[in-house]
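This one's a predicted model, so the numbers in the text were calculated from it and none came from an experiment.
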Amino acid sequence: MSGNGTTPGDDPLQTAVWRLRSRACWADAAALLQSATAAAALQRTVLLVERCLYTEAGWEEAEDALRSAEALADTDEERGAAACERGYLAYAATLHGVRDRADEARSALGRAAALVPPGAVGRALLDFRRGLIAENLTRSPQAAHAAYRRAHAGAIAHADPLLLSFTWRHLAGLAMREGELTEARNGFAESLRIREELGYLVGTAPALVSLADAETEPEASRLREEARRLFRLLGGVPTWLARQLTPAPTPPATGTATA
């Protein structure tokens, strides 16, 4: 996850890239970015790394794009952004059990932190990703909460609504673990609202499921059914959502034969 989901100046190219990205067409979006510049190489990397996280596929293409971005990076900002993507790709590979790259993820994000100063545009995204590692790899909810709060403040300061939708969702998830249902429900609802306003379809189904987990019936079932509809519409993406959306099998009635 990176980028803010907006198209400054109504740039037709960026508008097209965003529409494809939001509909899970990452490869098509990346194909539109042909210029051999550091910015284009980094944006291609962002798209293809995100595809890995959502589809659990495309790892080699993401690695190739990342190497190109690293080779073209000239400034500390560009090098820091490329290191942030390397850390995120390593995190995704570890999370999905492709290969344990947790040390690489931590090292790359640490390198990014040395290149991207506090308050810089890319720092909020970096803080968020460090929170992901703390929450899901290190299993340190307190460190994750602190990182998410920094990312949340940065997303507000730099008007990055897409990132804000992620910080709301993950802060809500931590609140849910602590039994703070009202806080969790509010955070999940804010995340969903932002994603719907942005038209970020590929991230809307997960937001619906998260909110459903914090709601009571019949609202919870309504939200999950809407998530299933979007999940089918996007061809089963995000792949990892299938486990949460598969209905529990109905037990057979007493005395009824089953085949």
Side-chain angles (χ1 to χ4, degrees), residues 1-5 14 17-35 37-73 77-113 115-116 121-133 135-137 147 151 155 160 162-163 165-167 169-170 195 200-203 206 234 237-241:
M1 189 291 310
S2 53
N4 61 16
Q14 291 302 321
V17 168
W18 169 250
R19 286 176 177 168
L20 288 166
R21 174 190 179 185
S22 66
R23 289 159 176 77
C25 301
W26 295 280
D28 292 338
L32 296 178
L33 301 165
Q34 296 297 331
S35 61
T37 64
L42 181 63
Q43 193 174 7
R44 281 196 298 271
T45 301
V46 166
L47 293 166
L48 296 176
V49 170
E50 187 174 82
R51 180 178 66 168
C52 292
L53 188 71
Y54 278 80
T55 68
E56 303 178 59
W59 303 97
E60 289 185 10
E61 287 179 82
E63 288 282 2
D64 288 344
L66 179 55
R67 282 191 288 269
S68 295
E70 289 170 334
L72 289 168
E77 181 182 4
E78 291 167 350
R79 284 188 286 270
C84 189
E85 291 305 318
R86 177 160 291 286
Y88 196 42
L89 182 59
Y91 162 78
T94 306
L95 188 71
H96 286 313
V98 176
R99 184 158 58 91
D100 185 352
R101 297 173 59 180
D103 289 342
E104 180 186 353
R106 294 187 188 95
S107 175
L109 294 186
R111 190 162 63 251
L115 293 166
V116 182
V121 172
R123 187 69 186 212
L125 179 62
L126 172 59
D127 284 334
F128 174 73
R129 289 174 173 177
R130 297 180 94 176
L132 291 175
I133 286 180
E135 180 181 4
N136 298 313
L137 302 188
D160 188 339
L162 183 58
L163 178 56
S165 82
F166 279 85
T167 56
R169 181 165 178 257
H170 283 266
R195 292 180 183 193
Y200 188 55
L201 288 182
V202 73
L234 294 174
V237 176
T239 52
W240 39 263
L241 201 59

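Checked by atom type and distance alone, the side chain of Thr94 pairs as donor or acceptor with a backbone atom of Ala102 at under 3.5 Å. With hydrogens and angles ignored, the 3.5 Å screen pairs no side-chain donor or acceptor of Arg111 with any backbone N or O of Ala83. Put simply, the side chain of Arg123 gets close to the backbone of Val116: a donor and an acceptor are under 3.5 Å apart.
For Arg23, there are no salt bridge (charged side-chain N to carboxylate O under 4.0 Å, His left out) partners two or more places apart in sequence or in a different chain. For Asp100, the side-chain hydrogen bond (donor to acceptor under 3.5 Å, both in side chains) criterion is met by no residue, not counting sequence neighbours. In this view, Arg130 satisfies the side-chain hydrogen bond (donor to acceptor under 3.5 Å, both in side chains) rule with no residue, not counting sequence neighbours. For Glu56, there are no salt bridge (charged side-chain N to carboxylate O under 4.0 Å, His left out) partners, not counting sequence neighbours. For the salt bridge (charged side-chain N to carboxylate O under 4.0 Å, His left out) test, residues two or more places apart in sequence or in another chain that qualify with Glu135 are Arg177. The side chain to side chain contact (heavy atoms under 4.5 Å, CB included) check on Val121 picks up His158, with sequence neighbours excluded. Considering only residues two or more places apart in sequence or on other chains, Leu241 meets the side chain to side chain contact (heavy atoms under 4.5 Å, CB included) condition with Ala205, Pro206, Val209, Phe231, Pro238, Gln244, Leu245. When the side chain to side chain contact (heavy atoms under 4.5 Å, CB included) test is applied to Arg99, the partners found at least two apart in sequence or on another chain are Arg101. In this structure, the salt bridge (charged side-chain N to carboxylate O under 4.0 Å, His left out) partners of Asp103, at least two apart in sequence or on a different chain, are Arg106. Qualifying side-chain hydrogen bond (donor to acceptor under 3.5 Å, both in side chains) partners for Arg51, counting only residues two or more places apart in sequence or in other chains: Glu61. Residues satisfying the side chain to side chain contact (heavy atoms under 4.5 Å, CB included) criterion with Ala82, sequence neighbours excluded, are Glu70.
Across Ala41 and Thr45, no two heavy atoms sit closer than the pair O-OG1, 2.9 Å. Nearest heavy atom pair, residue Ala147 against residue Asp127, reads CB-O, 3.4 Å.
Using the six-membered ring where Trp is involved, Trp26 and Tyr54 have ring planes that are tilted, between 30° and 60° apart.
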